[in-house]
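Data block below; observations after.
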Amino acid sequence: AQSVAQPEDQVNVAEGNPLTVKCTYSVSGNPYLFWYVQYPNRGLQFLLKYITGDNLVKGSYGFEAEFNKSQTSFHLKKPSALVSDSALYFCAVRGGYNNNDMRFGAGTRLTVKP
Amino acid sequence: GAVVSQHPSRVICKSGTSVKIECRSLDFQATTMFWYRQFPKQSLMLMATSNEGSKATYEQGVEKDKFLINHASLTLSTLTVTSAHPEDSSFYICSAALTGGTDTQYFGPGTRLTVL
């Protein structure tokens, strides 16, 4: 069964600084990796995904993530953080083409301070 | 991007009553819909997967008679919490996907259920 880990409960960065939210995964077969963001009392918004192709994936709102197969990681990054980026971020993995299940990490709360 | 709606967004009910939550894909046909439950400050837990026209597949530990799921059409899935109790209070989120493969899951805004 697939699983994903987000080792940091909380990440704090200053506005304008680069940010990284970490994610590692475990899956048999080729991973399908996703990042979602959740604002208070709201559902999840899709940011980006890796299915195949370039290891660096660019997504919404200036976010990007790098797939690293050898380290089984899919860290989310942004070159310059905004206060409005403050939210809860979830990494998710789906294993295999016919696997409908998506497993989520525990979430990382990002706080960007002015 | 694809839009998924949920109704109601918030519901308060008395213990013992049943509550129905609707999940609709507004601009695409969803072969598969998923129901998740999220406790405060925790991640999403998959409850069940429903495919249009067939019975839902429930995750281990989720009571299928307690959480009734119907996926009657390619744009609508419903979750009915039967005989709700205070411990059923939670944030319920649905998602929809075209197929199970590479297609992205698009999430609804969630429904906050409070059982008194």
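So that the names make sense, note that chain A is the first sequence line, chain B the second, and so on, each numbered from 1. What you see is a predicted model, and the numbers here were worked out from it, not measured in a lab. Computation of the quantities below employed the complete heavy-atom set of this structure, encompassing side-chain atoms and omitting hydrogens, waters and symmetry-equivalent molecules.
Heavy-atom distances place both the backbone and the side chain of B:Leu44 under 4.5 Å from chain A. Proximity to chain A is absent for every atom of B:Gln6, based on heavy atoms less than 4.5 angstrom apart.
Cluster membership for B:Val115 and B:Met45, using ILVMFWY side-chain heavy atoms within less than 4.5 angstrom, is not shared. When hydrophobic clusters are built by joining Ile, Leu, Val, Met, Phe, Trp and Tyr residues whose side-chain heavy atoms come closer than 4.5 Å, directly or via intermediates, A:Val27 is grouped together with A:Val4. Cluster annotation: B:Tyr58 and B:Leu79 are assigned to the same hydrophobic cluster (Ile/Leu/Val/Met/Phe/Trp/Tyr, side-chain heavy-atom contacts under 4.5 Å, transitive). The cluster map of Ile, Leu, Val, Met, Phe, Trp and Tyr, joined by side-chain heavy atoms under 4.5 Å apart, puts B:Phe107 and B:Leu113 in different clusters.
Near-neighbour residues of residues 104-114 of chain A relative to chain B, defined by a heavy atom under 4.5 Å from a heavy atom of that chain, comprise A:Phe104, A:Gly105, A:Ala106.
Remark: B:Lys66 NZ is packed, more than 12 non-hydrogen atoms of other residues, nucleotides or ligands lying under 6.0 Å away. Dense packing is recorded around NE2 of B:His85, with more than 12 heavy atoms of other residues, nucleotides or ligands lying under 6.0 Å away.
Under the side chain to side chain contact (heavy atoms under 4.5 Å, CB included) criterion, A:Gln45 pairs with A:Val37, A:Tyr39, A:Tyr61, sequence neighbours left out.
Evaluated for a side chain to side chain contact (heavy atoms under 4.5 Å, CB included) with B:Thr104, the options A:Arg94, A:Lys49, A:Met102 yield exactly one hit, A:Lys49.
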